[in-house]
Amino acid sequence: MEIIETGFNNLLLIKPQVFGDQRGYFLESFNEKKFKALTGLDVTFVQDNESLSQANVVRGLHYQNPPFAQDKLVRVVNGSVLDVVVDLRKSEPTYGKSYAVELNEENKWQLYVPKGFAHGFATLQDDTRFLYKCSEFYAPESEDCILWNDPAFNIDWRVSSPILSDKDKKGRNFEGFISPFE
Ligand SMILES: Cc1cn([C@H]2C[C@H](O)[C@@H](COP(=O)(O)OP(=O)(O)O[C@H]3O[C@H](C)C(=O)[C@H](O)[C@H]3O)O2)c(=O)[nH]c1=O
């Protein structure tokens, strides 16, 4: 397992060790002991989620407000996404900055997204299956959404006229946004 710094505090790209042989491959998708030893982060995940999307879907940019904010460990087991986060932590020099990385079934990379980020992804292939671990339970009353294509971020999602949920179509603008995250 290799940890790659992203330039954003505690936002970590994780490259798992893949054991290939004539049958296929094996990897540990999560190992609490190794995760804590390599990242120095004491995170307890309590909920696993999975979504399936066709190509040209955008889900995001979502977060849960404190005290229900979630750390997430996200990965793709089928297909490909451009995974995108925006730093909402007011004390960070990367506040308001976005980070994007392609996660797919070939690279098997994971992204650890700490509390304080809005998170989303665009699907680059049909039948994209997205799995992620959360450190806090789903709390719909605490959910919030920032407009996926807010001009403040100038994100190249690598999709055009994507399929969005009604909720995501009504994401808030970042202009005038007051972050709940220190
Ligand atoms: C997130 C969630 C949703 N649901 C139910 C609520 C809806 O009836 C249905 C679809 O929910 P939603 O449209 O919010 O799903 P996504 O758009 O994939 O939301 C996720 O997308 C981005 C990428 C994220 O990072 C968040 O974890 C999460 O907000 O699943 C649950 O029952 N539990 C849950 O934890």
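Note that ligands are numbered from 1 as they come in the structure, with each ligand's atoms numbered from 1 the same way. Because the structure is predicted, anything quoted here is derived from the model rather than measured.
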(request) May I ask you to list the residues sharing a hydrophobic cluster with I163, side-chain cutoff 4.5 Å, ordered by chain and number? (result) V57
(request) Quick one, list the residues around ligand 1 where some non-hydrogen atom comes in under 4.0 Å, by chain and residue number. (result) Q47, N49, R59, H62, K72, H119, F121, Y132, Y138, E143, K167
(message) Can you confirm whether more than 12 heavy atoms, excluding those of E141, are under 6.0 Å from its CD atom?
(response) yes
(message) Angle between ring planes, F45 versus F35, binned at 30° and 60°: parallel, tilted or perpendicular?
(response) perpendicular
(message) Taking CG in D21 as the centre, count heavy atoms belonging to other residues, nucleotides or ligands within less than 6.0 Å. Is the count above 12?
(response) yes
(message) Just checking K97: does its NZ atom have more than 12 heavy atoms from other residues, nucleotides or ligands closer to it than 6.0 angstrom?
(response) no
(request) Would you indicate whether E50, at its atom CD, is surrounded by more than 12 heavy atoms from other residues, nucleotides or ligands within a distance under 6.0 Å? (result) yes
